[in-house]
Amino acid sequence: MLTSLPSFSRLNTMASSNDPFQSQQLQSQQQQYIQGYNPQQMGQQPLYPQLPGLPNQSQNQYGGVVQPFSQYSQANVVPLSGPSYQNQHQNIVGPYNSQSNSLYVQNQQQQQNGGYRYPQPTSGIQSTQTQLSPQILESVSKDEDPIYGPLSRAKGKIDRALIGDNEISTDLADGMSHPLQSSEPYIHSPSNATAFKPAKITKRTPLPDALHQELNYKHLTAKMGLFEDIERAWFTVDNKLFLWDYSDGRDFSRYDEQNDTIQAVGLVRARKDVFVDEITHVLLICTSSKITLLGLSKPYNSKEINLYATNLSVESPTAMIDIKGTPAGRIFMLGANKDLYELDYTSDSSWFFGSSTKVGLHNRSSGSLANWTPGFLASKSKEGVESFALDGQQSRLYTLHTGGEIEMIDISGGNYQSRARYTRLKHDLNRNQQGGNVSIVSLAVVGGHESKRVSLVAIASNGYRVYFTTSPSFWPHIFRPPITSQANLPVSSQSFYSSGTFMSVQHDNSAPMPQTQLSIAVPHCGRQSALRENLESYEAPAFQEWTITEIIPSQVWTIVELPATNPAYAPPSLTRSDGIALSALPRQATTQSREFLVLATSGLFCVSQPRPIDMLQDDLELEKDAAINTVRLQFGKSQLAAMSLQLGATSDLKAIDLASAISTILITSGEPIIKDGTGGKSITYSGRHDGLALIIARYLRPIWNVKVTVPSVPGRQILALPEATLLAVQGRLEKLRRYLDEHPFQRYQAEGDAKVAWDQEDMSIHGLEVLLKQAIEAISFILLLSDYKISDVILRTDPQTQQTLSNLTFQALLTSIDGKDVARKLVTALIEQQIGQELGIDTLSEILQQRCGTFCQPGDVVMYKAEESMRRAEGARDFAEKTDSLAESLRLFTRTAGSIPIPRLQEVSKRYRNMQYTFGAIELPLKTAVELDPNDKAVDFVRDGEHPNDPRKALFEARKQCYEMVIDALGMFDELLDSATAQGNASSATQKRDEAYALAIASDDELFHFYLYDWHVERGLQEQLLEFDTPYIEKYLKLTVNDVEDRRDLLWKFYARREEYLAAAEALSSLATRPSPMVLHDRLYYLAQALTSAKSAASFGSEDVEFTSRLQEQIDVAQVQMEVARGVETHPDMSADDKNETLSRLNTDLLQLDELYQNFARPLRLYEPILLILKTADTRIDDVCEAVWRQLIGSFRAAGNVAMSEHIITLVKRYFPSEAAPLDIMVPVVYAEAQGAQGGSAGWASIALLDGGVPLRDLWEATVGLYENSDDDERDYYAEEVSVLASRWVSRKDEIPAAEVERFASAYLLRTNGGPLDEVKRDTRDRLTAAKQAAVRY
């Protein structure tokens, strides 16, 4: 009959004793539980059983007999190979050179010589292959999705980070093959700071007082050990077994139903085919003659354990000294007779266990007959198995034989077959020893998560470790020398190895108080990442270990590693595809530091192996700059940045020093660099960028390449991962997101390639931040589906979606369009499920919006309801019902404006137009445009010049599509009005049209207004813009004014209509004077209009005198420029192409007078424009003026006096009086050129000058002066001209004094009296005689 033992928590515990003294002791013990460890504070050691195998008393304090340990002399030990470690110099971390990214480690001795030492890549070092190719420059495509474009780039960064983590997590055998591993296997801690100790004792828990009391009674034997799987320490005192919950120190329970002295205790996994599922372990209690099996269960997340009597036991031929089990439940035991046994229990019963249960004990080393050989008959010097190690994961068992041989046995399935045996190990270890006393004291498994070639480590009594490889044969791979700090004491069998960490145990009984030296070697996990990131070297580094020594103030019994943080039990997400566990750097993002328990007679010691991030955090509080430099050198700049981001996301940043240190790390993490290579330009991102990619990748690793769902029963799918895993990943990501929101990365300004590099980095970081948010919301979405029974929701989707989902990984869900489509269909299915159950969807919509508003488009829920309202409106016959349904649909669609897809919006907008629903057709697209771009990035895109590669272009294009729908609606209402007007019934259509335009114009979307105004201009309705009274029309007109005839007049007319004449004048002046292809005539027109408007402004009291004067001057200059252009057009010597090119230059801008003269009039010999320039500039240049007048008048000499006379009249009228026609230059030139002209009446040149506007007196004085200063040949000509002027004077006596006329006439008549007279002189005398007579009479 089945008997069940009560739970240990309900057993007769020492703590529940009625003894008041005992209760007081228990209370004291609880108060002392988990105290900081300080060896100097240790008092007198309690009396404990002597550890077996130690040289000390022949009998312990409790009466137990102890076998003497063979004396071992360390002095005779000579290392097999390698350098001496007696005078190692301490390594000191040197400065980090940010310019060269060099890595230095300084040696004390070399430091004195001014040198640096670091194990640089050397010839012969194994090169490692990397999958990380150079990163090419990225660009934003024209039609890139604003979400999934950045996500696709971020996906590449995450994959790259994951590959990098895999590559720095190497096979143990690779590093051991490196040349440096034998010459420099151990290195000192990177810093003298306590924080950088590779391992440290973090706490000591005293053993329970109840155990002390039990040991005070007389006993024969006592033992102790640890069951880390169930968080218990075990103690045996004679026939009693005690289990102590060391996690809280309260539960100390006793099992005393065994009559004989307990020799060994073991805890192994229970076989699945024998016990019920609740029983997870089998507790084996061994005496000298019997082995008893108890069932043990420990509920998940519970500290309580339960024991069950199984009625299973077997006779034992000897006392067992070691018990181990495989994960499948096979049990192996080592007997004191040096035979290896396997205990087998089977049951054919389908219920718990029954009468058919069989228990057998099989001798695996000496055959079945030895099972019945009593232990006391066995020879004490028998050859056999000294110890064994069990690799349950790889189904191997290793035995150490008394002769030093090591045998590898295959235990896969039900096998027990010897596969290999190495017999020369003892010879190898002692070939250089005197006395040959080096032996193997312990075997430890090197798991498949560490190496695919190395499988075993044998620990020698002199501290050597011999690593064995199984590929291609079972053979020593390397002999690793002792830890340099190891004492000159024999290494004990309690030495421990687990997942790369080695603890050498050396008992020292020569000290005043017995103690144990614990020498710890921890792999340096940052070698490869530091080489890659700081030196850009991808060579495989040597396997080197950090070492440290701790003192335990008593004898150590056993050491175990807690399974929670042991890489051997890491989930698939923390291993490479080949099963090799990731190194400490990737693991630290999702796991805590590794913890080891050391059980000694003085208590339970917790040894912590800090993660790199723990070292950084602890040292930042002491020496910020040194800590940053040390971690950068030891692990790499990107690893440092990743650690700082993890610290920022997980630590309390109220500590100013920590926040400042994190900021310093990120700011000094380097800069991105553009490199030229054979494949084109590539980029090396900064440490902060790669650190961000690393930490996001490490947070996402547990889900990244995992399928979202897995099949359960046929046709149904369930979540592939537990909700707890998803929540853990999401929690880490959310903390990181909050940190980045509160501490955004600094942006840098640069030029050239540096600017390109920073732009590339900013774009990449943006993608990573988008992915971070996407991942958080995607997990929320999946968890929400789980809450709503995801299997049922998936069944509502179409078969194609179900098939896609069955192959969809979280990576694809987050970053691919397929993932987006599947999510949308799942939302639709969820909505249909809720509606099918007649449940409201408002709550569901709110939940989707809050948890995953960006990822899953929760607006689909609301859109579903909006669609229903629209369908009711389309089918409604009652006007009121239709109106209400349309209003409700618009209300709901407006709620989803930011998430409604453009094609869907176009379809909805078209249906609103078909129903002539102005509010829906106008307001919904406008609202959507605003929601799509709440930060108005599209406006900035337009303002910045609309660069085609600008990522904001996508937002601009999306908004344009929304505006097109509004324009389509306005155009439709215009057409309806035109049609109704033609039919004579325009009132209703007018109302609809006015309503639509009023809604559009009332919008506060500046970009839409510009689009609306452009539409009017495109239709030739630009004049209608002048009627718009909006806040944006003036800005639009200012920005869009150009040289197109139908656009350039809008702004000044806009001002003129509002009687803002001065603003209109300024707009006109700007039009006329700015460079453009506008023809010169139009410029002059606009200047004239500007002058008119300025004068009108003056009449309204807003006169600007300076501006008006400047306008007049500009008009004058423009007229000169016009004259130059005319001169070019009629230039006889210029080709048509030259004319066109010159006219184009003249039409581009208004030029200055000096430019017109120097660049056009003078080189092209445009004579009249030169005169006009002189006149306008009011500048006299005598030689230029005389030459131009001679050229202009002389060119008509051959045409005759009539033509010349008309030309003179024209020129004089135009340029006199001005500096272009000074009398002292113009008159002599005219007379000189006139003398050479053919024909004409007397004085025609003077008459021409008078007709041109020269005053008679001025011309009289000039001509008389020429007469008086001329020689005899010319004097008669000038006399004739003067006589003609005198004749004119007769009828205009007020212009010249009569005395002057009389005096000149008398002098001439006297001079010519009596001389020969020709007809000309006679006529001259007659005219002067008549003038003299008139003067005398006057």
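- Counted by atom type alone, Gln528 and Thr170 present zero donor-acceptor pairs between their side chains at under 3.5 Å.
- Among Leu694, Ile163, Ile696, the single residue meeting the side chain to side chain contact (heavy atoms under 4.5 Å, CB included) criterion with Ile158 is Ile696.
- Ion pairing between a basic and an acidic side chain is recognised when a charged N comes within 4.0 Å of a carboxylate O; Asp251 and Lys303 show no such pairing.
- No hydrogens or angles considered: nothing links the side chains of Thr650 and Lys735 as a donor-acceptor pair under 3.5 Å.
- Taking every heavy atom of both residues into account, Arg153 and Glu144 meet most closely at NH1-OE1, 2.7 Å.
- Between the side chains of Ser806 and Gln717, no donor-acceptor pair of N or O atoms lies under 3.5 Å.
- Side-chain atoms of Glu723 and Ser786 include a donor-acceptor pair closer than 3.5 Å.
- Residue Ala775 comes nearest to Leu700 through the heavy atom pair CB-CD2, 3.8 Å, listed as atom of the first residue, atom of the second, then distance.
- Side-chain contact, Ser499 with His449: a donor N or O sits under 3.5 Å from an acceptor N or O.
- For the salt bridge (Lys or Arg N to Asp or Glu O under 4.0 Å) test, no residue two or more places apart in sequence or in another chain qualifies with Arg269.
- Each of Leu585, Ile613, Leu640, Leu616 was checked for a side chain to side chain contact (heavy atoms under 4.5 Å, CB included) with Phe635, and the lone residue meeting it is Leu585.
- Classified by interplanar angle (parallel below 30°, tilted 30° to 60°, perpendicular above 60°), the ring pair Tyr246/Trp244 is perpendicular.
- The existence of a salt bridge linking Arg716 and Asp792 is confirmed by a sub-4.0 Å separation between a basic side-chain nitrogen and an acidic carboxylate oxygen.
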Start with the C-alpha gap between Arg851 and Asp787, add the side-chain angles, then the distance that decides, and say whether salt bridge (Lys or Arg N to Asp or Glu O under 4.0 Å) holds.
CA-CA 13 Å; Arg851 294 188 186 180; Asp787 293 341; 3.7 Å; yes

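- For the salt bridge (Lys or Arg N to Asp or Glu O under 4.0 Å) condition, the pairs that include at least one residue of residues 571-596, sequence neighbours left out, are Glu561-Arg594, Arg576-Asp578.
- Between Arg738 and Glu742, no side-chain nitrogen of the basic residue sits less than 4.0 Å from a carboxylate oxygen of the acidic one, so the salt-bridge criterion is not met.
- If you check the side chains of Asp159 and Gln811, you find a donor sitting under 3.5 Å from an acceptor.
- A search for salt bridge (Lys or Arg N to Asp or Glu O under 4.0 Å) contacts involving Asp741 returns Arg737, not counting sequence neighbours.
- Looking at Asp798 and Thr801, their side chains do bring a donor and an acceptor atom within 3.5 Å of each other.
- For the residue pair Ser247 and Asp245, a side-chain donor N or O sits within less than 3.5 Å of a side-chain acceptor on the partner.
- A salt bridge links Arg611 with Asp614: at least one charged nitrogen is closer than 4.0 Å to a carboxylate oxygen.
- Panel note: side chain Glu304, backbone Pro299; no donor-acceptor pair is recorded below 3.5 Å.
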